[in-house]
**Q** 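Could you have a look at this structure, given as structure tokens, before my questions?
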Amino acid sequence: MKQLRLGILGLGEGRSTMSAALQSEQIELVQVCDLNEELGRKRAKEFDFHAYTNNYDDMLNNPNIDAIAIYTPDHLHAAHIQLALEHDKHVICTKPFIDNLTDANALLTLAEQKDKRVFVGQSSRFFEPVKKQRQDFEAGLIGDLITIEGYYHADHRWFLDKPWSLQAKFKWLYGGLSHPVDFIRWYLPNIEEVMGYGMLSANGKKGGLQNHDTMHFIFKAEDGRIARVSGAYTGPVQPVTRDSEMSCILRGTEGASQADYMDLRYAITDRTGEERILTWEHKLKHYFRFEGKSHHAGEYQNYLEHFGQAIQNRTAAFPDMKEGIGTIALLQAMDESLTTGKPVRPKDLLERFGVNPINVR
């Protein structure tokens, strides 16, 4: 298989992508970039990889790069994606794809004009228990879906050491809750309406956050099914033996399943009534390569290889740009509901920003 030649922009979260690319036989890491030269030197030493630049133009103009993987702050994604497409590069962008719908039409048009792929790095879809849950669902092991619950509860006060996390532009709604929201859209893509409440906790205020760090939402799909999602990010969590920081729970007509993250644990009651709990301890070193479980190298390697194979085989790779825009429409509707205290319809937002629903998946 021809290797996908990769450049990486942003070496904070991009640390995982460096590990993923360097350990994959299907990816060739060509160059990395970050404005922070100290961080660049740190990554060069850590991985013994020295093709570093602090100038994004160097990567954009590098003819040996097929695709650029973007791991910059959320509000910079649209500009960085646009530049990559303008320079005829495929794009991998960490979630959230963009932080509002303003740039959606321009990016859709540009990607079509350049005939380039854009892939959204919803890493949690590529975690072993979540992949197994999807396989079992598609095999009909729990019957038809009745409802879905997703949550992400984590003590991320360490994250507040990043100066940009304290800016008004940073919202845990996009930076954290987008993971379980992606689970909701994966199984119930046609969300008609969302309603939610949020607050800034005492810990969040103390840490200097400007936006909600604790949120709960209810969704209604076009076919009447409902779902819920919740997130809390600046307080202690219960022991991992009791519950995981993130989870996706499917309740079906003939069974139910739960996929955990960051724990390699999956539980299912299938249509025969059999109850099983599966774990993948033998894959710990694939998924978690650094201190604790603070990075996502295993999932990143999984999705880099998935994207590379899709480009070579000319097959679909999801989530793509259209799905990413659909998720942003939902997240923006959730954001508006927090502000207004009223239910909001994602399609109304698409109409307001002039985005044709046919361009949304």
Side-chain angles (χ1 to χ4, degrees), residues 4-24 26-27 29 32-34 59 65-85 89-99 103-104 107 111 116-128 130-131 134 150 152 174-186 246 248 261-262 286-290 293-311 315-328 330-331 361:
L4 179 69
R5 300 177 300 176
L6 189 70
I8 300 173
L9 178 66
L11 301 181
E13 192 67 22
R15 178 190 188 194
S16 290
T17 320
M18 287 189 71
S19 172
L22 290 169
Q23 292 195 33
S24 173
Q26 300 178 34
I27 309 295
L29 185 58
V32 298
C33 177
D34 197 291
M59 266 199 329
I65 291 177
D66 301 317
I68 292 178
I70 296 170
Y71 299 89
T72 52
D74 300 348
H75 63 281
L76 300 176
H77 288 177
H80 290 154
I81 294 166
Q82 178 182 336
L83 285 168
L85 290 172
K89 311 296 186 187
H90 297 292
V91 175
I92 299 162
C93 184
T94 188
K95 58 79 196 163
F97 170 56
I98 49 180
D99 68 343
D103 302 293
L107 293 176
K116 293 298 175 183
R117 301 282 200 96
V118 178
F119 178 82
V120 183
Q122 286 286 171
S123 60
S124 47
R125 286 195 191 189
F126 293 83
F127 193 60
E128 207 70 28
V130 179
K131 292 196 300 176
R134 184 72 182 192
Y152 186 8
Y174 297 90
L177 205 57
S178 53
H179 278 293
V181 168
D182 180 65
F183 293 150
I184 303 297
R185 289 204 70 246
W186 203 11
M246 189 191 306
C248 177
Y261 185 99
M262 298 178 171
H286 172 74
Y287 283 101
F288 303 111
R289 304 172 187 179
F290 309 118
K293 294 181 178 179
S294 61
H295 284 262
H296 310 273
E299 303 112 274
Y300 285 16
Q301 184 170 335
N302 291 349
Y303 76 54
L304 287 178
E305 292 174 352
H306 170 71
F307 187 53
Q309 291 167 9
I311 290 174
T315 55
F318 299 115
D320 61 3
M321 181 186 291
K322 289 185 177 182
E323 195 169 354
I325 290 172
T327 299
I328 291 302
L330 179 55
L331 288 168
R361 183 177 287 114

**Q** When you measure from the side chain of Arg15 to the backbone N and O of Phe290, does any donor-acceptor pair fall under 3.5 Å?
**A**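 No; zero donor-acceptor contacts below 3.5 Å.
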**Q** How long is the straight-line distance from OG of Ser24 back to CG of Leu29, given to the nearest 0.5 Å?
**A**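 Separation between the atoms: 11.0 Å.
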**Q** Give a yes-or-no answer on whether the side chains of His286 and Asn302 include a donor-acceptor pair shorter than 3.5 Å.
**A**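 Per modelled atom types, His286 and Asn302 side chains form a pair under 3.5 Å.
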**Q** Identify the two heavy atoms, one from Leu331 and one from Ser178, that lie closest to each other, and give their separation to 0.1 Å.
**A**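 Minimum heavy-atom separation between Leu331 and Ser178: CD1-CB, 3.9 Å.
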**Q** Is the closest side-chain heavy-atom distance between Phe119 and Cys93 below 4.5 Å?
**A**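 The answer is no, as the side chains (C-beta and beyond) never meet within the 4.5 Å cut-off.
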**Q** Taking all non-hydrogen atoms of both residues, which atom of Ala84 and which atom of Ile68 are closest, and how far apart?
**A**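 So the two residues come closest at CB-CD1, 4.2 Å.
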**Q** Rounded to the nearest 0.5 Å, what's the gap from CZ on Phe318 to CD on Gln122? Could you check?
**A**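 Separation between the atoms: 14.0 Å.
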**Q** Any carboxylate oxygen within less than 4.0 angstrom of a Lys/Arg side-chain nitrogen, looking at Arg125 and Glu323?
**A**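 Salt bridge flag = yes for Glu323 with Arg125.
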**Q** Under 3.5 Å, is there a donor-acceptor pair between the side chain of Asp66 and the main chain of Arg5?
**A**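 Yes: the side chain of Asp66 pairs with the backbone of Arg5.
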**Q** Measure from the side-chain N and O atoms of Tyr287 to the backbone N and O of Glu128, and report whether any donor-acceptor pair falls under 3.5 Å.
**A**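 Judged by distance alone, yes, a pair lies under 3.5 Å.
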**Q** Okay, side chain of His77, backbone of Pro96: is any donor-acceptor separation there less than 3.5 Å?
**A**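 The answer is yes, because a donor-acceptor pair under 3.5 Å joins these two groups.
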**Q** State plainly whether the residues Asp320 and Arg361 are in salt-bridge range, i.e. N to O under 4.0 Å.
**A**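 Between Arg361 and Asp320 there is a salt bridge, with a charged N closer than 4.0 Å to a carboxylate O.
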**Q** When the ring planes of His179 and Tyr261 are compared, do they come out parallel, tilted or perpendicular, using 30° and 60° as the limits?
**A**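 His179 and Tyr261: parallel rings.
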**Q** Verify, without hydrogens or angle tests, whether Asp34 (side chain) and Leu11 (backbone) share a donor-acceptor contact under 3.5 angstrom.
**A**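 Such a contact is found between Asp34 side chain and Leu11 backbone.
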**Q** State, without any angle test, whether Arg289 and Gln301 hold a side-chain donor-acceptor pair at a distance under 3.5 Å.
**A**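 Looking only at side-chain atoms, Gln301 and Arg289 do form a donor-acceptor pair, the distance falling under 3.5 Å.
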**Q** Distance check, rounded to the nearest 0.5 Å: His80 atom NE2 versus His75 atom NE2?
**A**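 Those atoms lie 9.0 Å apart.
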**Q** With rounding to the nearest 0.5 Å, note down the distance linking CD1 in Ile325 to CG in Leu330.
**A**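 If we round to the nearest 0.5 Å, Ile325:CD1 and Leu330:CG are 14.0 Å apart.
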**Q** Is a side-chain N or O of Lys116 found less than 3.5 angstrom from the main chain of Val91, in a donor-acceptor match?
**A**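 Not confirmed, Lys116 side chain does not pair with Val91 backbone.
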**Q** What are the two closest non-hydrogen atoms of Met246 and Ser124, and how far apart are they?
**A**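 Result for this residue pair: SD-CB, 4.2 Å.
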**Q** Compare every heavy atom of Met321 with every heavy atom of Ala111, then report the nearest pair and how far apart it is.
**A**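 Result for this residue pair: CB-CE, 3.7 Å.
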**Q** With side-chain contact (heavy atoms from CB on, under 4.5 Å) as the test, would you mind laying out the steps for Met18 and Val32 before giving the verdict?
**A** CA-CA 8 Å; Met18 287 189 71; Val32 298; 4.1 Å; yes
**Q** How far does OG1 of Thr17 sit from CG of Leu6, to the nearest 0.5 angstrom?
**A**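 Here the interatomic distance stands at 7.5 Å.
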**Q** Once rounded to the nearest 0.5 Å, what's the spacing between atom CG of Leu9 and atom CD1 of Ile92?
**A**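 Answer rounded to 0.5 Å: 12.5 Å.
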**Q** Name the orientation class of the two ring planes belonging to His296 and Tyr300 (parallel below 30°, tilted from 30 to 60°, perpendicular beyond 60°).
**A**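 Ring orientation, 0 to 90° scale: parallel.
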**Q** For Ala310, does its backbone N or O pair with a side-chain atom of Arg117 as donor and acceptor, under 3.5 Å?
**A**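 Pair found, side chain donor or acceptor close to backbone of Ala310.
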**Q** Measure across Ala78 and Leu107 and return the closest heavy-atom pair with its distance rounded to 0.1 Å.
**A**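 Nearest heavy atoms, Ala78 then Leu107: O-CD2, 4.0 Å.
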**Q** Which atoms form the tightest heavy-atom contact between Ile328 and Ile98, and what is the distance?
**A**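 Heavy atoms only, the tightest pair is CD1-O, 2.6 Å.
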**Q** Less than 4.5 Å apart, any side-chain heavy atom of Tyr71 and any of Ile8?
**A**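 A side-chain contact exists here, since the closest heavy-atom pair is under 4.5 Å.
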**Q** Could you tell me which residues satisfy side chain to side chain donor-acceptor pair (under 3.5 Å) with His90, sequence neighbours excluded, listed by chain and number?
**A**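 None.
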